[in-house]
Amino acid sequence: MTTHGDAVGPSALSAAPAATREPETVSQDGSAGKKEQVSSTTADAADPTDRTEAAVPRQPHPEPDPAESAPDKRPADLGEADARTTTPSTALELAKPTSGVDRLAEALGQLRVAIGETAYPLVMPSAEEAQRIGAALVTQLDDYLVPRLTRLDAPLLVVVGGSTGAGKSTLVNSLVRAPVSTAGVLRPTTRSPVLVSNPADLPWFQQGQLLPGLVRTREPSNEATALQIVSAPALGGGLAFLDAPDIDSVVDRNRKLAAQLLAAADLWLFVTTAARYADAVPWELLTTARLRGTVIALVLDRVPAEAAAEVATHLQDMLNVRDLGGAPLFVLPETRLDGQGLISEEVIGPLHDWFGRLAADSNARSAVVRQTLDGAITSLGPAVAGLADAADEQARAAKALGDRVTAAYRNGRQTMAEGLRDGRLLRGEVLARWQEFVGTGEFLKTLESKVGQMRDRFISALTGRPLPGRNLQVALESQLVTLLRGIAADAAEQAYAAWQAHPAGAALLEPELQRPAADLPGRADRLVRDWQQWVLGLVRAEGAEKRVVARGAAYAVNGAGLAVMIAVFTSTAFIPTGLEVAAGAGSAVAAQKVLEAIFGDQAIRTLATQAREEFLLRTGKLFDEEAARFTDRLAAVGLDEEPGARLRQAAAAVETARTELALTGSTT
């Protein structure tokens, strides 16, 4: 049988006094401040009308995963009798909110929307934490802040939390003097958490405004979203106990649910033992509760009589170090349980009386509720600021990734422009075909008469040899397509490498992005052919206006078009006549004179410039299509340009409304 020794009275705890003090709290701007708190006490606890500290956290930690919460549901299994009790009694009628409450509720609603709509899809160091905190804040707003703000007069909820085997269920049963929560029910094989209240207070908890994601039930359940509601006539009105899962449970679902319930507490009663009070997990949650401004009381359970003073002193020292020295501390010795598994009234008496005074004093309960609510709302500011910073980091990362893609394909455009100017395209096959075209007189003949063209086509048909002009056109096309494909491949590799070096970019990459699109060769072929036809059309339109200058010029379109294309690939914007075309220099000069006679010197240069700009425009669109393979992935995540601004504005509105309302009677 579990044993408890004699109760440790006030005199026995005199070695571990917990003096009333006003610990410093941290404001949003980092300045220190003072806040009233509930006096620390021993077994003969202080008056619960005193206040406990509230401090502002940077971010709440740890918090529950909202995926563990179910949608808001009306209890379906309370039975006809319980269903009738869900109509609020006169004492629990919804209080008419003041204008200040309305403004704060509206601001909280807008903040909830802003948090819910802010995403962190890019893989960044802050993203996972921001998603967790954002989800936790939404849950806290839904579970506690909004419903509690609209019902400041609702019964005070005491969440009993602690480590595995600390005796939480036994303690709850002993406080309400009935076995309402089966001891051990909330261990790894757990069923539902248990909420115990006076019958008159059941409507508030059955309505589901508080913790709306949990389905109310009368019986224990294995469902993760179930909350067992039990009435206890021996428990005074205005106060309810919620026996929560173990905060260090080996079951992840239980730990998350415990954190969710603790975030919805008006007062957190932390239960630990002489063997477990120094564990790390409880202290993390205690610190979180302190930072949230939650009123805290502690029970040190199952303390051997001979170690009571030493253990209580050490625990009090730990509380002082963590600015929790003002929290009431109750020390319960080892003792035998009675036939119902309850701690004797003699041992549980000081704690029972403390809660009895709290239940009987509406002003004390209101002070606790307002203190916790104000602290929780105050803590939203720094937490949301952290979310805004993470959202801005997402936007900066998206811009950086976009800039890297832009830079890669901008380099491609520059390479293409340089390739058209530096003469590289007039080497090899293109140069040979140009020399053939000019050196054989084909160029001049195509400019001078249609008869020459018809004669050469006839000869070509007989011999099977292509026309020199066609050879040049094919060589130009092949050279341009090769250049385009090479530049596109280099740009894709550069963009891929740039994203791979960025944590957010690496997560968005697919292997095929390392190479140009599979259909790029076909698109490049079409681009060059279409451009060549465009050049011929340009020359045809220009030549039509020059017929009075040179008879038969309309028949010289192909030859002049090829000349213009060649001119596009030189820095002089005209037909090359240097060493590169030495073999056909004489004919080239003659050709230049003919072109100048037909079109005019400035006109041919203008044609070449227009043809170059058109080609760069078309290739720019092609590179944009290639870059879109990256940027479309970035756009798909749906980031706003300034996602943090909305969060900061919503948080500022909440803080303004909170300050104006002054829940605790102070604006500091």
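Hydrogens, waters and symmetry mates are skipped; everything else that's a heavy atom, side chains included, is used.
The two residues S163 and I247 have their closest heavy-atom pair at N-CG1, 4.1 Å. Minimum heavy-atom separation, L380 to Q140: CD2-OE1, 4.4 Å. Residues A376 and L145 come closest through the heavy atom pair CB-CD2, 3.5 Å. Listed here is the closest heavy atom pair of D246 and G165: OD1-N, 4.5 Å. Looking at every heavy atom in both residues, P193 comes nearest to L261 through CB-CD1, 4.0 Å. In terms of heavy-atom proximity, R151 sits nearest to W204 at CG-CZ3, 3.5 Å.
Note that OG1 of T378 is 3.5 Å distant from CZ of R658, once rounded to the nearest 0.5 Å. F241 contributes atom CZ, which lies 9.5 Å from atom CG of L156 (distance to the nearest 0.5 angstrom). Atoms CD1 and CZ, on I229 and R218 in that order, are 12.0 Å from each other to the nearest 0.5 Å. The structure places OG of S174 at 5.0 Å from CD1 of I348, a figure rounded to the nearest 0.5 Å. Between atom CG of residue L242 and atom CG of residue L227 there is a gap of 5.5 Å, rounded to the nearest 0.5 Å. How far OG1 of T170 is from CG of L342: 8.5 Å, rounded to the nearest 0.5 Å.
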Determine whether L210 and D143 satisfy the following criterion, side-chain contact (heavy atoms from CB on, under 4.5 Å), listing intermediate values before the conclusion. CA-CA 5 Å; L210 195 72; D143 282 359; over 6 Å; no
Begin from the C-alpha positions of D361 and R357 and carry the test salt bridge (Lys or Arg N to Asp or Glu O under 4.0 Å) through to its verdict. CA-CA 6 Å; D361 190 338; R357 292 194 298 272; over 6 Å; no
L269 and L171: side-chain contact (heavy atoms from CB on, under 4.5 Å), yes or no, with the steps? CA-CA 10 Å; L269 181 62; L171 185 65; 4.0 Å; yes
For T294 and L267, what are the C-alpha separation, side-chain angles and deciding distance, and is it a side-chain contact (heavy atoms from CB on, under 4.5 Å)? CA-CA 6 Å; T294 304; L267 186 154; 5.9 Å; no
List the steps and the verdict of side-chain contact (heavy atoms from CB on, under 4.5 Å) for V172 and V194. CA-CA 10 Å; V172 170; V194 180; over 6 Å; no
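Counting only distance, with no hydrogens or angles, the side chain of R112 and the backbone of D142 share no donor-acceptor pair below 3.5 Å. Here the side chain of Q394 pairs a donor or acceptor atom with the backbone of L122 at under 3.5 angstrom. At least one donor-acceptor pair under 3.5 Å links the side chain of R365 to the backbone N or O of A359. Judged purely by atom type and a 3.5 angstrom limit, R103 has no side-chain atom pairing as donor or acceptor with the backbone of E660. Here the side chain of R148 pairs a donor or acceptor atom with the backbone of A154 at under 3.5 angstrom. A donor-acceptor contact shorter than 3.5 Å is absent between the side chain of R177 and the backbone of A234. A donor-acceptor pair is defined here as one N or O able to donate and one able to accept, closer than 3.5 Å; no such pair exists between the side chain of S379 and the backbone of R292. Looking only at distances, no side-chain donor or acceptor of T664 sits under 3.5 Å from a matching main-chain atom of Q371. Within the 3.5 Å criterion, the main-chain N or O of A200 finds a donor-acceptor partner in the side chain of N198. Checked by atom type and distance alone, the side chain of T273 pairs as donor or acceptor with a backbone atom of R276 at under 3.5 Å.
Counting heavy atoms from C-beta outward, D279 and T272 have side chains that stay 4.5 Å or more apart. With contacts defined as side-chain heavy-atom distances shorter than 4.5 Å, the pair L661/V101 qualifies. Taking the side chain as every heavy atom from C-beta outward, D243 and Q228 never approach each other to under 4.5 Å. Side chains of L324 and L298 form no contact here, defined as non-hydrogen atoms less than 4.5 Å apart. Looking at heavy atoms from C-beta onward, R216 lies in side-chain contact with L211 at the 4.5 angstrom threshold. For the pair V654/L104, a side-chain contact is recorded, criterion being any heavy-atom separation below 4.5 Å from C-beta on. Between E129 and M124 there is no side-chain heavy-atom pair separated by less than 4.5 Å. Taking the side chain as every heavy atom from C-beta outward, Y120 and V637 never approach each other to under 4.5 Å.
Ion pairing between R396 and E393 fails under the 4.0 Å rule for side-chain N and carboxylate O.
Within 6.0 Å of atom CD in E642, 12 or fewer heavy atoms from other residues, nucleotides or ligands are found, so the atom counts as exposed in its surroundings.
For D266 and T372, the side-chain atoms include no donor-acceptor pair closer than 3.5 Å.
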